[in-house]
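First listed ligand is number 1; within each ligand, the first listed atom is number 1. Not measured: the values here are computed from a predicted model.
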Amino acid sequence: METSDGEKLNLIKRYYREYFKDAVKNRWLEIPEDIRHREIGYGYLKKVDNRNLSFDSEREYLRWVLDRSPFHLYKSLAYMEHPSSVGGAQKKGLFRREIAFDIDVHRVKRCTHKDDGWVCNHCLEEGKNQVFILIDEFLIPDFGLSKEDIRIVFSGNRGYHIYIKPRDEDIRNTIEHWGREERRCLIEYILGKNLNLNYVGSGWRRRILKAIKNKRLLAQLERSNNWKSIIERKSEREKKRILKIIEDVKNRLELDEKVMEDDIRLLRVIGSLHGYTGFVVKEVKYNSLEYFDPLKDAVYPKFNREYYNVKIKERIDSLRIGDNLYTYRSREVPVSVILYLFGHGVDFEIC
Ligand SMILES: [Zn+2]
């Protein structure tokens, strides 16, 4: 006997509920700081079906999460006087905002899947690689932050959220009171948007010089701040080649600018599940990021214990969970795969 769509949805909901029960009981679900001033959003089949929710206490928030167990759960980066008011920053009375980057990686050349929305080792590795670039080549050397000032969170899909949380209260106070303009400056700097070749500052100078292999050119650039005049004197071909190297260094990071800029932006609650994959939105310590394998470490272990008989009715890309590879021919799959297939809108039957 096969299940109807409604029964399938109920089954999925049951597992989300079970998950949140454990996450709340064992306290790994994030309770946004100063919950009364934060906006909560959530969704089931769409990412954000609903927003403008707020709670008076942590208990009330946790009770609501247990009751609803949404497939997507978000909190505002901003702290607001009226988080449940509908409208922009002004209506909501925004008075403070967390600083966070959203690295959202796309399919890379080496990916084993055709579907842009799928995941594999290669794109997941690229996401991690970009986290290291952002932290090791920008946040630490250019901004004087240390690893302890940064929180790394796997987004549950193909990216990471990087929160800047300086331990120094004064610095944290300063940056969390930044307005839109200041946050835009920060992200534009990191994306190299206002890079001026007439005068290349130290951070960008260091990053670009690292990418130049030609010794003679390197020596020339090292001697001067005005790179434009050096590049202008080169042949057309050479000029193009150098500019391409600079562009490539600038384009290494896929950062969602809106997440940095937008005043009332929502970001996934740490410890919730990502409704497209069923993976945990999971914090990863800097020192263990190198060995972090989302397809293993962000899968809730209980979701790999129970199996269902399924019939997958379309030719989908294969999916690795832990050490197992699943294809459209797989007949027996764990709950983790059921959640992933469901989240991706794959046509399948549970027998
Ligand atoms: Zn991939």
Does any donor atom in the side chain of [X] or [Y] lie under 3.5 Å from an acceptor atom in the other side chain?
| X | Y | answer |
| --- | --- | --- |
| R38 | Y79 | yes |
| R110 | N121 | no |
| N304 | S336 | yes |

ask   = Honestly, is R207 close enough over F138, meaning NZ or CZ under 6.0 Å from the six-membered ring centre and within 45° of the axis?
value =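 Checked: cation-pi criterion met.
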
Notebook entry, point to check: So, is the end of the K47 side chain (NZ or CZ) under 6.0 Å from the ring centre of Y74 and within 45° of the ring's axis?
Noted result: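 Pair K47/Y74 does not count as cation-pi.
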
*Just the protein N/O/S atoms under 2.8 Å from the Zn ion (ligand 1), please, no waters.*
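Atoms qualifying: C111 SG, H113 NE2, C120 SG, C123 SG.
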
Query - Residues that K258 engages under salt bridge (Lys or Arg N to Asp or Glu O under 4.0 Å), provided they are two or more places apart - result: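 K258 satisfies salt bridge (Lys or Arg N to Asp or Glu O under 4.0 Å) with no other residue.
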
